[in-house]
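Keep in mind it's a predicted model, so treat the numbers as computed, not measured.
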There are 2 protein chains.
Amino acid sequence: MARDTTQVKAEGTETPKRGSGSAHVYKVLRNEIIDLALAPGSPMDELQLAERFSLSRTPIREALVRLSVEGLITTLPNRATIVSNIDFLNLSQFFDALTLMYRVTTRLAAGHHNPDDIARMRAKQEEFTRAVDARDALALIATNRDFHLEIARAGGNNYYTELFTRLLDENRRILRLYYSSFNDELPRRYVIEHDQMIAAIAARDIEEADRLASAHAEQIVTQIQSYITADKRVNAKLPL
Amino acid sequence: MARDTTQVKAEGTETPKRGSGSAHVYKVLRNEIIDLALAPGSPMDELQLAERFSLSRTPIREALVRLSVEGLITTLPNRATIVSNIDFLNLSQFFDALTLMYRVTTRLAAGHHNPDDIARMRAKQEEFTRAVDARDALALIATNRDFHLEIARAGGNNYYTELFTRLLDENRRILRLYYSSFNDELPRRYVIEHDQMIAAIAARDIEEADRLASAHAEQIVTQIQSYITADKRVNAKLPL
DNA sequence: TCCGAAATTTCTGTCGACAAATAAAATACA
DNA sequence: TGTATTTTATTTGTCGACAGAAATTTCGGA
């Protein structure tokens, strides 16, 4: 019973606040999808979700539409909507876009940032370092995402930040598949690379920031690729 | 009465087809927003739209959520949802992203295309040329968009195609403001540049394709900028 | 026992209605 | 006459219900 997720009580158990219903459902489901608490392919029954969140089907439906636009779920017309599969066939597209966004956002951050941005990056980097020290693979994946999003925000281009968010979330979903095979080597290197990136951005050295971002992206891409090729059950994940 | 758009009859007046209601509303509204038939800031009354499309509020609402996620409309909580303003303050973000997508998609097309792709590009380019010959500014804007989207599709990266679609639609919206001030010079040049781009892509000359895409983007950006600076009523469009 | 058609069930898409929240109008007061 | 407050009206957010489509089950025939 993969869909038997724990009941979610409305936060505070007080005023559920008019209009917040669908937003709440959206956030919860989104996190569950990204964290793979809801497996790709698992059905999203509206009636079941309505019961779980103690809401009518209408706000549930609104949340599902939002998720659908973002590509996190797929709706079969007149049939069940399911959690979107991770598309292992188009991974190269994904890697290409991810690398480009790493580079572009880092470049922009190097050019556009203000002191507050650097402070925020350092804070996120500290969280990331803590996750590495604690050998908490899940927190590591999440904080790494947040760190790079902070750079994107500092870059100040919303079009890039939005696409990058999507890509990093998808990345988080993929990495989540392999979190058990994490070793200690790579994360250590990531900590160092992150520090270098912050330094280059703070120094407004665009070319150096770009170089570091490229190398960092390369690391992550090859890491994922090695996980995938090492996975003997790869055929189990290929959507047919 | 800017919102008094012509009544839309269900296509064919036959079977409205279950499940197509909201999709239809979405498409129609999307086009009207992009074509500026619905002016930025104009309210999207659900009841009014329901009456206009002869539907209940539910499918209307679903379409509005879709548009909202794409940023085409803005929803004030518990209040009217309005057509999003064109953000003249963040134009540089827009130009930056547009230029990058022009370049990246053209590069990918030069590397990934197959013969069918070239044929499709030529077809779109022919439509564009016809619009230029007919001095039809509106068709010119639309067919230019379609031409470049065809290149993006040939490139084969859905992440880029999606972002590029958004950017080109936003561009179409901006250009629509200035269609009356179009002269004959620039479109002629665009026809030539488009032909050169097709040739470079067909020859799989990635660097040349990139160079042409950059130049093309530069043209368009400076064109828009000159329109904006020449517009004395610029303050009327600044969202306050 | 196995296969195909009919019946049933399940779930989505749509509808009309009600309640909360905001905006607009009306009223009271200085 | 101008401003603050109450009242009304409009509009969104949510709900329960119904009808159509698919999937599932049941039933009949070979």
Q: Where the side chain of B:T58 is concerned, which of C:dC15, D:dC15, C:dA17 is the nearest nucleotide?
A: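 Selected nucleotide: C:dC15.
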
Q: For the pair made of CD in A:E62 and P in D:dC15, what is the distance, rounded to whole Å?
A: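 Computing the A:E62:CD to D:dC15:P distance gives 12 Å.
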
Q: Classify the angle between the aromatic ring planes of A:F53 and A:H24 as parallel (below 30°), tilted (30 to 60°) or perpendicular (above 60°).
A: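 Plane angle over 60°, so perpendicular.
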
Q: Any side-chain heavy atom of B:I151 within less than 4.5 Å of one from B:I201?
A: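 A side-chain contact exists here, since the closest heavy-atom pair is under 4.5 Å.
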
Q: Could you tell me whether a side-chain N or O of B:D117 sits under 3.5 Å from a main-chain N or O of B:R120, the two making a donor and an acceptor?
A: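 Pair absent, no side-chain N/O of B:D117 close to backbone of B:R120.
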
Q: Quickly work out the B:R57 CZ to C:dG13 C1' distance and round it to whole Å.
A: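 In whole Å, C:dG13 C1' lies 16 Å from B:R57 CZ.
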
Q: B:E32 and salt bridge (Lys or Arg N to Asp or Glu O under 4.0 Å): which single residue from B:K27, B:R52, B:R176 fits?
A: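 The residue from B:K27, B:R52, B:R176 that satisfies salt bridge (Lys or Arg N to Asp or Glu O under 4.0 Å) with B:E32 turns out to be B:R52.
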
Q: Output the rounded distance in Å from NE2 (B:H24) to P (C:dG13).
A: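 The distance from NE2 of B:H24 to P of C:dG13 comes to 18 Å, rounded to the nearest Å.
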
Q: Could you tell me how far apart A:Y26 (OH) and D:dT14 (C1') are, to the nearest whole angstrom?
A: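 These atoms are roughly 21 Å apart.
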
Q: Nearest whole Å is fine: how far is C:dC15 C1' from A:R61 CZ?
A: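 That distance rounds to 12 Å.
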
Q: Take the angle between the ring planes of A:F164 and A:H148 and call it parallel below 30°, perpendicular above 60°, tilted in between.
A: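 Ring orientation, 0 to 90° scale: perpendicular.
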
Q: For A:T143, run the side chain to side chain contact (heavy atoms under 4.5 Å, CB included) check against A:E127, A:E126, A:Q125 and tell me which one passes.
A: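 With A:T143 as partner, side chain to side chain contact (heavy atoms under 4.5 Å, CB included) holds for just one option, A:E127.
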
Q: Between protein and nucleic acid, restricted to nucleotides 6-11 of chain D and to nitrogen or oxygen atoms under 3.5 Å apart, what atom pairs and distances do you find?
A:
residue	atom	partner	partner atom	Å
D:dT11	OP1	B:D45	OD2	3.3

Q: Pick the closest DNA chain D nucleotide for A:P77 and for A:S22 by heavy atoms, then say which residue is nearer the 5' end.
A: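 Upstream on the strand: A:S22.
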
Q: Can you tell me the distance, in whole Å, between the CZ atom of A:F53 and the P atom of D:dT14?
A: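 These atoms are roughly 13 Å apart.
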
Q: Rounding to a whole Å, what distance do you find between A:I60:CD1 and D:dG16:P?
A: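 Taking atom P of D:dG16 as the reference, CD1 of A:I60 is at 12 Å.
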
Q: Return the nearest nucleotide to the side chain of B:L55; candidates are D:dC15, C:dC15, D:dC18.
A: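 Closest nucleotide among those given: C:dC15.
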
Q: Round to a whole Å and report the spacing from CG of A:L64 to C1' of C:dG13.
A: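 Between C1' of C:dG13 and CG of A:L64: 13 Å.
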
Q: Decide whether A:H112 and A:N157 meet the rule of one side-chain donor and one side-chain acceptor closer than 3.5 Å.
A: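 No pair is found: no donor N or O on one side chain lies under 3.5 Å from an acceptor on the other.
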
